[in-house]
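One structure below.
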Amino acid sequence: MMFNWNSDDARVLPIALLTIVICGVILRVILKKKNEKWRKLPLGFLAVCIVLLEVSKQIYYNIYEPFTLYVLPLHFCSTFVWLMPLAQFTKGKVNRFFKPMPFYYSLVVIFLMYAFPRVLLGYATSSVVGNFHNVHTLLFHHAIVTYCIFSLLLGDYKPQKSDYVPLVTGVVFYTAYAVPIAYILNVNYVNILKSDFAPFEQLRLAAGQVVYNIVLFLFAVAAILCIWIVYYKLYNVVTKRKEMI
């Protein structure tokens, strides 16, 4: 159910979001007159942090908890572990290709996290102290939220008309390895095997697994393209108004 927040979500999520926005605004003020290298530092720091968070999870579940295949970095959110560093630490055409991906994909994560908190966060907001899984879940996904907000406030990403190419390529690439691995390992990464979203699950049961996976893929492509179109047009409108002032 959309916006099915519990009391813990209502307490933790808004405070975390407000904190991120305030930090972003402060950084914007501090770095406003600095060169591009300085403005990229917070995003580079986040790119390093998300890699360390993933590494810590793998170490923890290999040493302190029973390891399960669901822990493997094959979820959609796991793509940020390599997308954020590629967007921040590469140059030229490689940087231009990867730069749009973590930005637009993070917008998808933000929507899912606040509209369907159970899907991404489970009940992580309910028990944090002494619980590695919940702490990691909150930190990892809020690092993605922070990356998006900081990108906006620090002006790190400037959209171009051709950005739909890497965005669709990223979805295709993820689908190409995540879907077969999900079936081979029999693990429901990103709802590939079955859906937590009732209408999609009803479709799967009625039309079959193949049709369900095709629709899921097409829906993902359509969603990311819609987000790209809206943001691209809004960015151009805002940019033109600034030029007229």
Side-chain angles (χ1 to χ4, degrees), residues 1 4-6 8-9 12-13 16 46-86 101-102 105-106 108-147 170-198 200-205 208-210 212-217 219-220:
M1 185 182 296
N4 185 24
W5 288 28
N6 59 31
D8 295 307
D9 297 331
V12 174
L13 297 182
L46 287 170
V48 172
C49 283
I50 205 160
V51 173
L52 293 177
L53 282 168
E54 183 59 41
V55 171
S56 69
K57 183 180 78 171
Q58 298 304 318
I59 293 174
Y60 180 84
Y61 281 102
N62 272 281
I63 297 176
Y64 300 106
E65 295 282 349
F67 184 82
T68 66
L69 296 174
Y70 195 77
V71 174
L72 292 175
L74 293 168
H75 303 273
F76 175 72
C77 289
S78 301
T79 60
F80 289 90
V81 173
W82 50 274
L83 284 177
M84 284 168 58
L86 283 171
M101 293 188 200
Y105 296 165
S106 64
V108 175
V109 171
I110 288 174
F111 171 76
L112 290 175
M113 190 165 119
Y114 293 105
F116 303 96
R118 298 288 80 73
V119 173
L120 289 188
L121 302 179
Y123 291 92
T125 58
S126 300
S127 176
V128 177
V129 179
N131 190 316
F132 176 85
H133 174 78
N134 289 349
V135 171
H136 180 274
T137 298
L138 290 173
L139 288 178
F140 190 92
H141 290 92
H142 277 94
I144 296 172
V145 174
T146 305
Y147 182 88
V171 175
V172 172
F173 178 71
Y174 175 73
T175 302
Y177 72 81
V179 170
I181 292 176
Y183 280 100
I184 292 170
L185 300 181
N186 193 32
V187 180
N188 192 34
Y189 302 113
V190 203
N191 287 337
I192 291 171
L193 303 184
K194 60 181 180 179
S195 182
D196 294 324
F197 186 51
F200 275 23
E201 181 61 11
Q202 291 170 6
L203 171 67
R204 184 184 73 85
L205 295 173
Q209 202 71 32
V210 174
Y212 164 72
N213 285 141
I214 292 173
V215 171
L216 197 64
F217 168 75
F219 181 81

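The OH atom of Tyr70 sits 11.5 Å away from the CG atom of Leu72 when rounded to the nearest 0.5 Å. The structure places CG of Leu83 at 10.0 Å from CD1 of Ile144, a figure rounded to the nearest 0.5 Å. Considering CG of Leu13 and CG of Asn6, their distance stands at 8.5 Å, rounded to 0.5 Å. To the nearest 0.5 Å, atoms CG (Asn134) and CG (Leu121) are separated by 9.5 Å. Taking CZ of Phe116 as the reference point, atom CG of Asp196 lies at 11.0 Å (rounded to 0.5 Å).
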Would Asp9 and Arg118 satisfy salt bridge (Lys or Arg N to Asp or Glu O under 4.0 Å), going step by step from the backbone distance to the final call?
CA-CA 10 Å; Asp9 297 331; Arg118 298 288 80 73; 2.5 Å; yes

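A donor-acceptor distance shorter than 3.5 angstrom exists from the side chain of Gln58 to the backbone of Val71, with no hydrogens or angles considered. A donor-acceptor pair is defined here as one N or O able to donate and one able to accept, closer than 3.5 Å; no such pair exists between the side chain of Trp82 and the backbone of Val51. Tyr174 contributes a side-chain N or O that, together with a main-chain N or O of Leu74, makes up a donor-acceptor pair within less than 3.5 Å. Formation of a donor-acceptor pair under 3.5 Å by the His141 side chain with backbone atoms of Cys77 is not found in this model.
Using a 4.5 Å cut-off on side-chain heavy atoms (C-beta onward), Lys57 and Tyr61 make contact. For the pair Val145 and Met113, the minimum side-chain heavy-atom distance is below 4.5 Å.
A donor-acceptor contact closer than 3.5 angstrom links the side chains of Gln209 and Tyr183. Side chains of Ser126 and Asp8: a donor on one and an acceptor on the other come within 3.5 Å.
When all heavy atoms of Ala47 and Pro85 are compared, the closest pair comes out as CB-N, 3.8 Å. Ser56 approaches His136 most closely through the heavy-atom pair OG-CD2, 4.1 Å.
Remark: Tyr64 OH is loosely packed, at most 12 non-hydrogen atoms of other residues, nucleotides or ligands lying under 6.0 Å away.
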Extract all donor-acceptor atom pairs below 3.5 Å that involve side chains of residues 184-191 and protein atoms in other chains or at least two apart in sequence.
| unit_1 | atom_1 | unit_2 | atom_2 | d |
| --- | --- | --- | --- | --- |
| Asn188 | OD1 | Ile192 | N | 3.1 |
| Asn188 | OD1 | Leu193 | N | 2.7 |
| Asn188 | OD1 | Lys194 | N | 3.0 |
| Asn188 | ND2 | Lys194 | O | 3.0 |
| Tyr189 | OH | Leu69 | O | 2.5 |

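Aromatic ring centres of Phe132 and Tyr60: separated by under 6.0 Å. In summary, the aromatic rings of Phe140 and Phe80 are positioned with their centroids too far apart to meet the 6.0 Å limit.
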